[in-house]
Amino acid sequence: MMARHHCLPVFAALWVCALLTAGAQAQPESYPSRPITIVVPFPAGGLTDVPARLAATMLQEKLGVGVVIENRTGGSGVVGAAYAARATPDGYTLFANSLADTQNLHYLPVNYNPVDDFIQIGWIVDGPPLVLIINGNLPVKTLGEMLADAKANPNKYSVGTSGPASSPGLTLAQLNKAAQVQIQAVPYRGSGDAAAAAAGGAIQGAFTFYSQAKPLADDGKVRAVAVASPKRLEGWPEVPTFTEQGYKIDQRGFVGLATPANTPKPIVEFLSKNLNEVVQSGEFKKRMAVLGMAPPPVAENTPEKFDRFMREEIARQGEMAEQSGQKLKPPPK
């Protein structure tokens, strides 16, 4: 008993020391004290890079430390994501995640988990949704007219996508199934190339994004017939949604911010607060509207809600992958 009593002060001191150490590690008062890196897994100038880069610039001004973008490209975003997932969880390496992170694991042998290997901070932007455009010289003017003609004339229409396992490819497969038509998919290197091909008449239409479609439509080269989102685009209110026209198709991009798992909660909360202040600013919203993007309201943009969204979107994209026949098959045992 005596030995046990003599040890109590030692254990108490160690316990207090451990608490103090944990508290010091968790305190964000000294964070950030050096530059923060945001890993973007796609090239500069793309629909993931542009919102992340603007947010980084505005965060840098707000926080008073460097916030730099590092483009680690390759493997449809897998290379950069895997690198960020294995970074030290101290808040100095962050990750700009996107729709690709909810899709890749269904098609590729991904060596990281997009939710369990990260703590979600929040959305940078929601959108843009896909837009179905058709060549401006076609006699059909609406989605309904196009689908009626496609049903009467199987294989008459060809629509550009970014490949079968891409958002455009999956959305076309979804539309074919829902409308019971046989529109042919023509793969291009990207949705911008597909949009240009539709404008030039090489194909009848393309699934692309607002920033690629709107200038072509303004020039009369293409006509937008449907938006793949629950509501119409603010910058293009005359274009109806697929849902309005009887097809429940929702395929939107997003750009979010995450940090490696085990990052202290106070740092996550600090980043969430400051991210919201940046993306809710008038300047940020104005510049993102040009791309058909917008941040969710503050009340919706929390780490918990973004985490729930990521998990639900992964499940939804998995169902689409199954339906398309493109889902990754497990290796034989």
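A single hydrophobic cluster is not seen to contain both V268 and V115; linkage of ILVMFWY side chains at heavy-atom distances under 4.5 Å, directly or through other members, places them apart.
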- Would N135 and Q204 satisfy side chain to side chain donor-acceptor pair (under 3.5 Å), going step by step from the backbone distance to the final call? CA-CA 6 Å; N135 182 273; Q204 284 74 43; over 6 Å; no
- Going through the checks in order, is the side chain to side chain donor-acceptor pair (under 3.5 Å) test met by Q280 and K285? CA-CA 7 Å; Q280 298 300 331; K285 288 181 176 180; 3.3 Å; yes
- Message: Does Q120 form a side chain to side chain donor-acceptor pair (under 3.5 Å) with N97? I'd like the steps, not just the answer.
- Response: CA-CA 9 Å; Q120 309 303 327; N97 52 14; 2.9 Å; yes
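A 4.5 Å side-chain heavy-atom check between I69 and D49 finds at least one atom pair inside the cut-off. Side-chain contact check for L143 versus Y247: some heavy-atom pair is nearer than 4.5 Å. Counting heavy atoms from C-beta on, the side chains of M320 and H106 never come closer than 4.5 Å. Contact check for T208 versus Y188: no side-chain heavy atoms found under the 4.5 Å cut-off. Looking at heavy atoms from C-beta onward, R189 lies out of side-chain contact with S162 at the 4.5 angstrom threshold. Within the 4.5 Å cutoff, the side chain of F242 has heavy atoms near those of the L132 side chain. No side-chain heavy atom of P230 sits less than 4.5 Å from a side-chain heavy atom of T241.
Checked for salt-bridge contact, K214 and D219 miss the test: no charged N lies under 4.0 Å from a carboxylate O. Note on R232 versus E238: no salt bridge recorded, every NZ/NE/NH1/NH2 to OD/OE distance being 4.0 Å or above. Salt bridge status for E277 with K273: present, with a side-chain N to carboxylate O gap under 4.0 Å. For the pair R34 and D90, the salt-bridge criterion is met [side-chain N within less than 4.0 Å of a carboxylate O].
Ring pair F306/W123 is tilted by interplanar angle, where 30° to 60° counts as tilted.
Residues Y92 and Y31 bring their aromatic ring centres within 6.0 Å.
Screening residues 279-303 for ring pair (Phe, Tyr, Trp, His ring centres under 6.0 Å), with sequence neighbours left out, gives no hits.
Counted by atom type alone, E312 and Q317 present zero donor-acceptor pairs between their side chains at under 3.5 Å.
In N262, the CG atom is not crowded: 12 or fewer heavy atoms of neighbouring residues, nucleotides or ligands sit closer than 6.0 Å.
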